[in-house]
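To start, the structure under review is shown below, and the notes come after it.
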Amino acid sequence: MTLARGAARGAAWNFATVIVERSLGFAILVILLRHVSAEVVGVVAIASSITEIGRLVTAGGAGEQVVAAPGDRSVEAGAFYAQLILALGGSALLFAAAPLLATGFHAPALAWVTRALTLTLLLGCFVIVPSARLVQRLGFRTLGLMSVGSTICGGAAALALIFTGHGLAALVSQRVVGAAFYAVAVSIATRWHPPPPPSARVLVASLRFSLPLMAAAFVDYVARSGYVVLVGLRLPIAAVGEFRIAQRLAEVLQEIAVLPVGKVFLPVFVSVRSDVSRRFAVARDLTDALAIGAVGLAAVAGAAAHPLVLLMFGLRWAHAVPVFAMISLVIPSVALYALAKPMLVALQRPGVASFFAALNAGSIVVIVLLVAPLGLVPLAAAIAARGLLAALLLLPALSIGVGRSAWPLLRLFAGPLIALGIARLAAALALSALPAAVSLTTELVVAGSIAASAYLGVLALISPTRLAAITRRIGRAFGLAAEPA
């Protein structure tokens, strides 16, 4: 199997399993959100964000280190034990700080929720090495199936509690049980178990490699969704819950559009890092797929935001509709960053990756602190506008990664963004012409179909060869089209 074929098949399996997993996850979320208040969602959102920051910081760089050194068992041992030491320290710190967090956010339940979720830091230690081994082998089908199993187990635990009136415990158990299943399953699938402790030299080397990426993981998460903690400092807990629902919907879009392709980036770039021309060609093809797919998904989801949110979660979550429509516009900048970071890691320049990650996160922190007091909609609009700035900030990073100017990569987003604007406008005009009493289901069908048709139609007019090429690549990825001679 060629590299391109393996990467394409890996991305295809990722896409298929992400669709299944997110569909199951959303079905469970729909049920849960009809039985809990916005305040409960806000408490779990803040606790989850704080513990997730701790998990990402303690795990940052460990998986990338293993992927970048295929078959090196000393690197695996160093990565595992370095992460374990940091996770133990992080868990103890969060456990002790939980009452202070509850006081600071004026939410007493935040203390026990934060303490319960610290378990995910320790469970994450047993995921990094076996997951990295599967990534090295492009074993994304196995990873995807285990993610589906994790979602099912976590959801089953949550549903068992939600119908007995334990809403907060249900949301907490969903995360802990899902993480536990994944840790056990991935270890069994790869027949991995904790190795003997490495020498102090190996441990120090692992920490030295990981430190810049730990910082990058922290700022990555802050820029992606961790900034909800800052929202909680500026707005009431109920508003945090409403914002988190819109944010979570946008994250699912990112996971569907970016994650399936993004998982193959690091192993692919590691294999071509010594060949500048081939590196650029691979980056161009991946960016093309991201630009067309990610922007298209944002176009359709944003156009159908009103019926989508209300059908899934109910009328009481109406305040999340305009927030989601705005935040979904950040997907192009997320896609670019998902491309830039693995390129820099593959070139063994984690410090540069951390620098650009800090610029990205810093901009969103400033916006949240300044704009959040104005309300959720102005905040969402400011975050969407920041995406344009983020794309420009990433240009030097992309140029370093491909070894030449990255403007040709950025230009690949021009056509899809034009199509996005026209698609949303067409859907809005179509919805305005519907009778006032039309059902939400009809509204969803009309908005989604009009936006999708307009998006594809505009691309077919301005970029017919690109659209044909991406269609052929998708067909080859799923084995529906023959490889080129």
Side-chain angles (χ1 to χ4, degrees), residues 64 212-213 215-224 227 250 254 257-259 261-262 264-266 268-270 272-299 327-367 382-421 462-463 466 470:
E64 291 90 339
L213 291 178
F218 169 73
V219 295
D220 282 352
Y221 185 68
V222 169
R224 187 170 68 249
Y227 61 88
Q254 296 168 23
V258 179
L259 184 62
V261 184
V264 307
F265 283 175
L266 183 56
V268 168
F269 283 125
V270 166
V272 299
R273 59 187 168 193
S274 59
D275 188 336
V276 175
S277 61
R278 194 177 178 202
R279 197 164 74 225
F280 180 82
V282 168
R284 183 189 58 224
D285 288 345
L286 292 174
T287 303
D288 198 25
L290 279 176
I292 292 176
V295 177
L297 193 58
I327 291 183
S328 63
L329 294 173
V330 305
I331 289 181
S333 63
V334 171
L336 283 172
Y337 186 74
L339 184 73
K341 182 182 176 182
M343 279 196 289
L344 294 172
V345 173
L347 293 174
Q348 298 183 336
R349 301 188 68 174
V352 178
S354 297
F355 173 75
F356 283 102
L359 287 178
N360 188 40
S363 65
I364 200 166
V365 166
V366 171
I367 285 174
I383 290 172
R386 186 207 65 93
L388 297 175
L389 173 63
L392 295 176
L393 289 175
L394 287 172
L395 180 60
L398 290 167
S399 297
I400 292 171
V402 298
R404 65 179 72 173
S405 173
W407 272 116
L409 301 184
L410 286 185
R411 286 200 298 268
L412 291 173
F413 281 88
L417 287 174
I418 292 171
L420 177 147
I462 64 178
S463 305
R466 287 177 63 189
I470 195 68

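One-based numbering along the sequence shown.
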Could you report the tightest heavy-atom contact between Gly401 and Met343, atom names first, then the distance?
C-SD, 3.8 Å
Closest approach of Ala291 to Arg466 (non-hydrogen atoms, all atoms of both residues):
CB-NH2, 4.1 Å
Using side chain to side chain contact (heavy atoms under 4.5 Å, CB included) as the criterion, point out the one residue from Leu409, Leu394, Leu290, Ile331 that pairs with Leu336.
Leu394
Test of understanding: with side-chain contact (heavy atoms from CB on, under 4.5 Å), list the residues that count as partners of [X], not counting sequence neighbours.
{"X": "Leu395", "answer": "Ser399, Ala406, Trp407, Leu410"}
{"X": "Val365", "answer": "Val222, Leu230, Leu369"}
{"X": "Ala397", "answer": "Ala340, Leu344, Phe356"}
{"X": "Leu420", "answer": "Val295, Ala298, Ala299, Leu329, Arg424"}

Just to verify, what does Arg386 make a side-chain hydrogen bond (donor to acceptor under 3.5 Å, both in side chains) with, not counting sequence neighbours?
Asn360, Ser363
Do the side chain of Arg284 and the main chain of Leu412 share a donor and acceptor less than 3.5 angstrom apart?
no
Between [atom1] of [X] and [atom2] of [Y], what distance do you get to the nearest 0.5 Å?
{"X": "Asp285", "Y": "Phe280", "atom1": "CG", "atom2": "CZ", "value": "10.0 Å"}
{"X": "Ile367", "Y": "Tyr227", "atom1": "CD1", "atom2": "OH", "value": "10.0 Å"}
{"X": "Leu339", "Y": "Leu398", "atom1": "CG", "atom2": "CG", "value": "5.5 Å"}

